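Note that the coordinates shown come from a computational prediction; the quantities given were computed from them, not determined experimentally. Scope of the values below: all heavy atoms of this structure, side chains included, with no hydrogens, waters or symmetry mates. Convention: sequence-line order gives letters A, B, ...; per-chain numbering from 1.
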Amino acid sequence: MTVRVRFAPSPTGYLHVGAARTALYNYLFARANDGTFILRSDDTDTARSTDEFQEDILEHMQWLGLEWDEGVARGGEHGSYRQSDRYGRYREVAHDLIADGSAYYSFATPDQLESFKQAAREAGTSPAYDGSLEPLDADIARLISDGESAVVRFRVPRPGETRFTDIVRDEMVFDHKQVDDFIILRSDGTPTYHLASTVDDVDYGITHVIRGEDLLSSTPKHILLAEAMDADPATYAHLSLLMGPDGKKLSKRHGDTAMSAYREAGLLPEAINNYLALLGWSLGDDEEIASISEMIGKFDLNSVSKNPAVFDPQKLEWLNGVYIRDMDDEEFVGRTLASVEDDLGRSLSGGERAQFDAIAPLVKERTKLLTEVADQVRFLFSDIDEYDEKSWAKVMDKPEGPVALDAAASVLSVLEPWTTEAIEGALRGMLESTGLNARKGFQPVRVAISGSTVSPPLFECLEILGKVETLARIARARSEMK
RNA sequence: GGCCCCGUCGUCUAGAGGCCUAGGACGCCGCCCUCUCAAGGCGGUAGCGUGGGUUCAAAUCCCAUCGGGGCUACCA
């Protein structure tokens, strides 16, 4: 049987990291098994679903490179893959279920239900609604024709239990005492998640449902529903949840959870995929770094970890740095040029572009986030607005400051040719004549040309900045000293 | 409250009875390299929640206990 899996987010929010991990695992499982990866939109919550969120999800799935074979915006033999387009189908299934006794119109009021639960809670028993509040059969037809408000509930067989083998959690058993007669059709005739999701899983031939553990307790409902439809239930795999540093389910409270925020922060999709894969799964052989294709080659749902994982932005950033350092210089330029120009508020001239190309390899080694690049190269393309205060105090306000600048200016002004090697030679010579050590002699020059004690390697910076500009900056810094 | 899941360094994990005086990675600390910052190299810090069993032998099996999490909507 061909593997068919789906990632079915509801567009009631942007794509967040936890969902992305679920998507990734579905994707890896599909690719590892020559299966089909489907993207579905579970948008039955019409009040909270928006096109904007839907768009955000699609966009970031693509950004991550998690291409789907069938589904939203791509099509396939099952239509639009949006549940809001299939209400007729869900209603049809619901009515079939009513017809064969698997479901029923329910007239229990919220107040009644509330006291039912309250009583169960006080008695220490299960609060799952068992249908016991319903009117006599004899009255039902009349209530319906009177237009009395009713929902449709699934009739959970009682007594009974549902067993299934979860790929990551092994044998699961749920006593039906714990499963309520859940609503499948709301009083306005729209389907609930349980119905729509299960009908789609059945109709679309989903073989494996890989989703978050928050749905583990709902699984008996889905299995019961599929069986009532005379279908074979899918095989389930429930992934542990992603946690914030406080151990609670990862949410907005913990900072950024929107994939867009990570993209804007300068994270690479490859690094994110790699990191997310590590959260709950391991590559084995003490390996941490793996491309998507390597992951596909090794992926095994059975070895996915059962325990919840705390999302650690620091490790993600480290991985991002690994990926950045691993890039070709041209690629690095290609992926950062726009943010540098954004920062400048203009595009780079041809000469400036050459300068950027020249410094790129040096900056690449020092970058963890793409967005940090602008900070590191800005000094090349614009005058120094103001020297970093701490840097100035640390090296310029010292006795060596003026000594170093004067000596540097004097050796550099007559230097030919203007190359990194020559510059280094001249400045090291300056060290000897002034008796300053490298730190004391070079740091003032660095601050003069870059505005900070932290910059890419000095000699290269000088070469790339150019002789005229270098001397001008040294002179200016010197003039600003007391 | 009820049901379910989970429990190895701060964090992610390896570990499927002896290979474990518990391995790797991030982080942190130190040293080296060094023109700053990174990167890199080397070294260090730190963990099997607890209590009982089973066994010649337990991180690995069993029980209990404690702790954390999830679900308990006409949300998904």
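Comparing the P positions of G68(B) and U11(B) gives an interatomic distance of 14 Å, to the nearest angstrom. Rounded to whole Å, the separation between the C1' atoms of G17(B) and G53(B) comes to 15 Å. Separating the C1' atom of U8(B) from that of C3(B) is a span of 28 Å, rounded to the nearest Å. For the P atoms, the distance linking G49(B) with A76(B) amounts to 39 Å, nearest Å. Taking atom C1' on both U60(B) and C20(B), the two are 11 Å apart, rounded to the nearest angstrom. G7(B) and G51(B) have their C1' atoms separated by 16 Å, with the value rounded to a whole Å.
Taking for each of Ser240(A) and Asp214(A) the nucleotide of RNA chain B with the nearest heavy atom, the 5'-most of the two is the partner of Ser240(A). Position along RNA chain B of the nearest nucleotide to Glu460(A) versus Ala123(A) favours Ala123(A) as the more 5'-ward residue.
Closest to the side chain of Phe174(A), from the set A25(B), C4(B), C74(B), is C4(B). Distance from the side chain of Lys368(A) is smallest to G27(B) among G27(B), C35(B), A38(B). Of the candidate nucleotides G2(B), U36(B), G70(B), U36(B) has the atom lying nearest to any side-chain atom of Val454(A). Distance from the side chain of Glu288(A) is smallest for G24(B) among the nucleotides G24(B), A76(B), C12(B). In the set G69(B), G2(B), U36(B), the nucleotide with an atom closest to the side chain of Pro127(A) is G2(B). Distance from the side chain of Leu216(A) is smallest for C5(B) among the nucleotides C5(B), A76(B), A25(B). The side chain of Lys249(A) approaches G70(B) more closely than any other nucleotide in the set C26(B), A76(B), G70(B). Comparing atom distances between the Asp45(A) side chain and each of C35(B), C26(B), A76(B) picks out A76(B) as nearest. Looking at the side chain of Leu458(A), the nearest of the listed nucleotides C35(B), U36(B), A76(B) is C35(B). For Glu213(A), the side-chain atoms get nearest to G69(B) when compared with the rest of C35(B), A39(B), G69(B).
Across all strands, Val151(A) comes closer than 4.0 Å to base atoms (heavy-atom distances). Among the atoms of the strands shown, only primed sugar atoms or phosphate atoms (P, OP1, OP2) are found under 4.0 Å from some heavy atom of Gln314(A). Within the 4.0 angstrom heavy-atom criterion, no nucleotide atom of any strand lies near Thr367(A). The residue Ser10(A) sits close only to the backbone: its heavy atoms come under 4.0 Å of sugar-phosphate atoms, none of a base. Using a 4.0 Å heavy-atom criterion, one finds that Ser455(A) contacts the bases of the nucleic acid, with or without backbone contacts as well. Looking at heavy-atom distances under 4.0 Å, Pro456(A) makes contact with a base. Residue Gly280(A) is in sugar-phosphate contact alone, with no base atom involved, counting any heavy-atom pair closer than 4.0 Å across all strands shown.
One finds a side-chain N or O of Asn307(A) lying less than 4.0 angstrom from the OP1 or OP2 phosphate oxygen of U8(B). Side-chain nitrogen and oxygen atoms of Arg48(A) include none within less than 4.0 Å of the OP1 or OP2 phosphate oxygen of A76(B). Dashed line: the shortest gap from a side-chain N or O of Ser305(A) to OP1 or OP2 of C12(B) is not under 4.0 Å. Between C4(B) and Arg169(A), no contact under 4.0 Å exists linking OP1 or OP2 to a side-chain N or O. The shortest distance between the side-chain N/O atoms of Arg325(A) and the OP1/OP2 oxygens of G40(B) is below 4.0 Å. Put simply, Lys117(A) has a side-chain N or O that comes within less than 4.0 Å of OP1 or OP2 on A73(B).
Taking OG1 of Thr235(A) as the reference point, atom CD1 of Ile167(A) lies at 6.0 Å (rounded to 0.5 Å). Interatomic distance, CG of Leu283(A) versus CG of Leu278(A), reported as 5.5 Å (0.5 Å rounding).
If you check distances only, the side chain of Arg439(A) never reaches the base of C35(B) with a donor-acceptor pair under 3.5 Å. For C74(B), the base has a donor-acceptor partner in the side chain of Ser187(A) [N/O atoms by modelled type, under 3.5 angstrom].
Heavy-atom minimum distance, Phe107(A) versus Ala150(A): CE2-CB, 3.5 Å.
Between the side chain of Glu463(A) and the backbone N or O of Thr420(A), at least one donor-acceptor pair lies under 3.5 Å.
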- Mind running salt bridge (Lys or Arg N to Asp or Glu O under 4.0 Å) on Asp201(A) and Arg40(A) for me, showing each step along the way? CA-CA 10 Å; Asp201(A) 287 345; Arg40(A) 192 173 79 202; 2.7 Å; yes
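Stacking of Arg21(A) on the aromatic ring of Tyr25(A) is recorded, both the 6.0 Å distance cut-off and the 45° axial limit being met.
Under the salt bridge (Lys or Arg N to Asp or Glu O under 4.0 Å) rule, Arg82(A) has a single partner from Asp200(A), Asp42(A), Asp51(A), which is Asp51(A).
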